[in-house]
Undergrad: 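Quick one: the structure is below, questions incoming.
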Number of protein chains: 2
Amino acid sequence: MPAVAPITLALDAMGGDHGYATVVAAARLALDEHPQLHLILVGDEARLRPALHEHRLAGETRVVVHHASETVGMDESPSKALRGKKDSSMRVAINLVRDGRAQAAVSAGNTGALMATAKFVLKTLPGIDRPAIISAIPSMNGHVHMLDLGANAQCSAEQLFQFALMGSAMLTATRRIERPSVALLNIGEEEIKGNEVIKQAAQLLQASALNYVGYVEGDGVFTRDLDLVVCDGFTGNIALKTGEGVAKLLYHYIKQEFTRSLLTKAAAIAALPALKALKKRMDPRNYNGASLLGLSGIVIKSHGSADAQAFATAIRVAVAEVRHQVPQRIAAQLAKVPVPSHAGGAAS
Amino acid sequence: MPAVAPITLALDAMGGDHGYATVVAAARLALDEHPQLHLILVGDEARLRPALHEHRLAGETRVVVHHASETVGMDESPSKALRGKKDSSMRVAINLVRDGRAQAAVSAGNTGALMATAKFVLKTLPGIDRPAIISAIPSMNGHVHMLDLGANAQCSAEQLFQFALMGSAMLTATRRIERPSVALLNIGEEEIKGNEVIKQAAQLLQASALNYVGYVEGDGVFTRDLDLVVCDGFTGNIALKTGEGVAKLLYHYIKQEFTRSLLTKAAAIAALPALKALKKRMDPRNYNGASLLGLSGIVIKSHGSADAQAFATAIRVAVAEVRHQVPQRIAAQLAKVPVPSHAGGAAS
């Protein structure tokens with residue numbers, strides 16, 4: 001491994017369904033994986049100290065605990081978290097990024113609160129109305145990035161264009177793809193399909209320097225060879241979770257079929273290596289770590305149900321974005337391209 | 001089998017990706033399955049006659065050919081098909097329903113043209129703004145019905161309510177479910193989630209006599225025990241096709257994993273019965289046949305890529321709707337329930 005500059009991340013240690021024990025375990029995994037990594041665990045010190053002991057982190061000089069007295073609940077409203085909990089582990093982790101003491105924050109806390117807090121504390125880049133959530137998802141050609149996955153329930157054509165621009169810049173920075181192919185998620189591939197917002201976004205993209213390749217339908221996200229799929233957060237969230245649901249259904253079917261008789265049970269034993277490999281490939285933990293794109297700093301959202309391994313994957317995403325200076329790269333793109341403003345567009 | 005009244009269906013013999021040969025083959029399957037069924041094959045007589053011979057239908061008294069000189073292309077615009085092709089197989093099949101010569105029409109032709117033509121020729125039921133597309137889709141508990149799957153890219157809250165009412169009435173009629181459970185597809189299950197249209201629709205449903213159970217997320221469609229999921233046609237189409245894409249991706253993975261080595265190839269042979277059963281259960285052909293709900297007559301949309309077996313499944317759906325008098329049952333429900341009007345709602 002070439003010598004790289006040290007990286008410091010702030011982890012919201014209290015967020016997520018499984019709480020601080022999972023985050024501490026993930027910290028151990030991440031420190032072992034990245035020799036240059038330093039971590040600030042933000043949360044209830046009285047609970048974190050014993051957990052550090054349990055995970056061989058008590059004497060680890062690359063870990064510090066930063067006390068925060070409050071925790072944002074998984075179902076708490078974003079505005080309540082923002083106004084009422086100024087010393088929450090989530091808020092303090094993001095403050096550390098704002099103050100330059102950490103280069104990125106990672107949280108498995110509630111998405112709405114994280115988005116609102118990150119936007120309030122870090123602000124969006126010039127020309128960006130609202131941040132969007134982007135993540136890699138598996139596809140036949142490896143993977144594809146998709147945004148927005150749920151931050152903006154309604155979007156204007158201008159916002160969809162901003163998403164395309166930000167996603168492209170991120171892929172160029174982190175994946176070294178010169179001109180990422182960009183498609184708009186729609187209900188048909190013909191030009192006449194879709195609603196007015198999508199048609200206007202298509203026009204903006206066609207007129208831009210981005211590598212816009214047209215519309216993609218829901219199945220094409222997984223079967224076509226694309227780098228980036230752009231959609232509003234409502235559609236993106238439905239698509240992502242529908243995909244999760246179908247994958248669960250298929251596992252349910254596989255299990256039923258392989259336990260149907262003694263013969264199929266025997267076959268299942270023979271098929272075990274292939275079935276295990278299949279499960280590993282579809283494991284959402286390998287795709288954990290969504291970025292809140294469009295902020296002046298790096299904030300990574302881990303799935304609320306993430307275990308230690310999955311949270312470590314989200315940390316890996318944060319490390320990559322810090323190394324590739326994603327916000328700076330997006331800002332540079334925004335400075336080059338005239339970004340259509342939101343004025344006169346649909347309500348967000 | 002108890003004696004049942006004869007049923008006559010009009011089949012658009014020229015629609016779909018595979019054309020008349022597939023429809024004729026499906027007709028043979030359907031006639032064998034339903035002894036009381038009579039079919040009118042609508043299309044190019046010169047091409048249909050030889051195909052009837054090939055499929056042992058030449059002397060079959062339960063089949064007649066009704067000539068139509070035109071065919072609607074799969075990519076033709078709905079307005080062009082409606083205005084320019086008054087003797088299309090699709091249009092003539094629907095005319096036969098309007099004139100009482102057939103009790104339902106089945107077409108694998110292009111969805112937009114079929115929707116526009118059916119609405120123009122048959123009209124919507126009183127109180128219904130626009131028809132919606134409903135279909136059964138597989139779920140962990142067997143299946144769930146979902147609408148709208150693509151007829152209405154944008155919907156008002158009132159339309160979503162109408163969809164719920166129509167879908168419920170259909171399920172009560174065809175599946176004998178007294179009070180079908182109805183959920184609204186949304187990006188979260190908490191009340192604050194989603195856009196204004198969905199929140200308004202939730203209020204309308206809560207105030208109604210329908211068995212409304214709240215929001216469902218994309219994964220819950222496949223994992224929860226629900227009878228009916230309601231959404232706008234854009235979201236429904238994205239969800240449906242995303243599901244198809246993920247299923248394709250998983251098959252791709254399964255194939256790759258089982259052909260990776262000699263050992264896994266051997267395992268695949270052992271696992272063949274289970275894998276075949278799995279494939280059969282996920283086969284979209286078993287879920288072919290979507291209804292255009294809200295019309296004064298019955299029109300069933302078969303998938304464009306349907307083969308003979310899949311088209312026969314769509315015919316089965318038509319037979320069930322005729323037997324259970326679905327439009328009449330929906331009209332009776334509409335007469336009982338005050339339907340919120342579309343006035344002041346979002347554009348459709």
Side-chain angles (χ1 to χ4, degrees), chain A residues 75 77 112 138-140 150 153-154 185-188 190 192-196 198 217-223 231 233-235 237-250 252-254 256-258 260-261 263-264 266-278 281-282, chain B residues 75 77 112 138-140 150 153-154 185-188 190 192-196 198 217-223 231 233-235 237-250 252-254 256-258 260-261 263-264 266-278 281-282:
Chain A
D75 291 330
S77 88
S139 82
M140 281 200 197
Q154 267 175 290
L185 186 59
N186 200 353
I187 57 173
E190 307 85 21
I192 56 156
K193 296 280 180 145
N195 55 41
E196 284 314 308
I198 287 184
E217 294 187 72
D219 52 342
V221 173
F222 302 92
T223 59
C231 57
F234 189 93
T235 310
N237 182 283
I238 296 287
L240 190 74
K241 293 206 171 152
T242 300
E244 285 177 17
V246 170
K248 280 182 205 165
L249 178 66
L250 269 159
H252 175 76
Y253 281 177
I254 288 173
Q256 278 192 341
E257 293 304 338
F258 275 107
R260 198 172 283 283
S261 69
L263 192 73
T264 56
I269 294 167
L272 211 57
L275 291 176
K276 271 194 176 165
L278 173 70
R281 284 179 74 166
M282 286 302 290
Chain B
D75 290 328
S77 87
S139 82
M140 281 202 196
Q154 271 175 287
L185 186 59
N186 200 353
I187 57 174
E190 306 85 18
I192 57 154
K193 296 279 180 150
N195 55 42
E196 284 313 308
I198 287 184
E217 295 187 73
D219 52 342
V221 173
F222 301 91
T223 58
C231 57
F234 190 93
T235 310
N237 182 283
I238 296 289
L240 190 73
K241 293 206 171 154
T242 300
E244 285 177 19
V246 171
K248 279 182 206 167
L249 179 67
L250 268 160
H252 175 76
Y253 281 176
I254 288 173
Q256 278 191 341
E257 293 305 337
F258 276 107
R260 199 173 282 281
S261 69
L263 193 74
T264 55
I269 294 167
L272 211 57
L275 292 176
K276 271 194 176 165
L278 173 70
R281 283 178 76 168
M282 284 303 289

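Worth knowing before you read on, the calculation uses all heavy atoms, side chains too, and leaves out hydrogens, waters and symmetry mates. Residue numbers begin at 1 in each chain, while the letters A, B, ... track the order of the sequences. Here the structure is a predicted model, which is why all the values come from computation and not from measurement.
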Undergrad: Heavy atoms only, distances under 4.5 angstrom: which of A:Pro138, A:Gly150, A:Cys231, A:Gly233 has the most pairs with chain B? Name it, please.
TA: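 Of the candidates given, the most pairs with chain B belong to A:Pro138.
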
Undergrad: Search all heavy atoms of B:Thr242 against all heavy atoms of A:Gly243 and return the closest pair with its distance.
TA: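 Scanning both residues completely, I find the closest heavy atoms to be CG2-N, 4.1 Å.
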
Undergrad: State, yes or no, whether a side-chain contact exists between B:Val221 and B:Leu185 at a heavy-atom distance under 4.5 Å.
TA: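 Yes. Closest side-chain heavy atoms under 4.5 Å.
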
Undergrad: Quick one: NZ on B:Lys241 to CG on A:Asn186, what's the gap to the nearest 0.5 Å?
TA: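 So the NZ of B:Lys241 and the CG of A:Asn186 are separated by 10.0 Å.
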
Undergrad: Which heavy atom in B:Val246 sits nearest to a heavy atom in A:Phe222, and how many Å separate them?
TA: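 Scanning both residues, the minimum pair turns out to be CG2-CZ, 3.5 Å.
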
Undergrad: Of the non-hydrogen atoms in A:Ile238 and B:Ala239, which two are nearest, and what is the gap between them?
TA: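 Minimum heavy-atom contact is CG2-CB, 4.0 Å.
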
Undergrad: For the interface with chain B, which of A:Thr235, A:Thr223, A:Leu240 has the highest count of heavy-atom pairs at distances below 4.5 Å?
TA: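 Option with the greatest count: A:Thr235.
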
Undergrad: By a 4.5 Å heavy-atom criterion (distance strictly below it), what part of B:Ser139 contacts chain A: side chain, backbone, both, or neither?
TA: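 For B:Ser139, the backbone is the part near chain A, not the side chain.
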
Undergrad: Mind ranking A:Asp219, A:Asn195, A:Ile198 by heavy-atom pairs under 4.5 Å with chain B and telling me who comes out on top?
TA: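 Counting heavy-atom pairs under 4.5 Å, the top option is A:Asp219.
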
Undergrad: Any idea which of A:His252, A:Lys248, A:Glu196, A:Glu217 has the most non-hydrogen atom pairs under 4.5 angstrom with chain B?
TA: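 The residue among A:His252, A:Lys248, A:Glu196, A:Glu217 with the greatest pair count is A:His252.
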
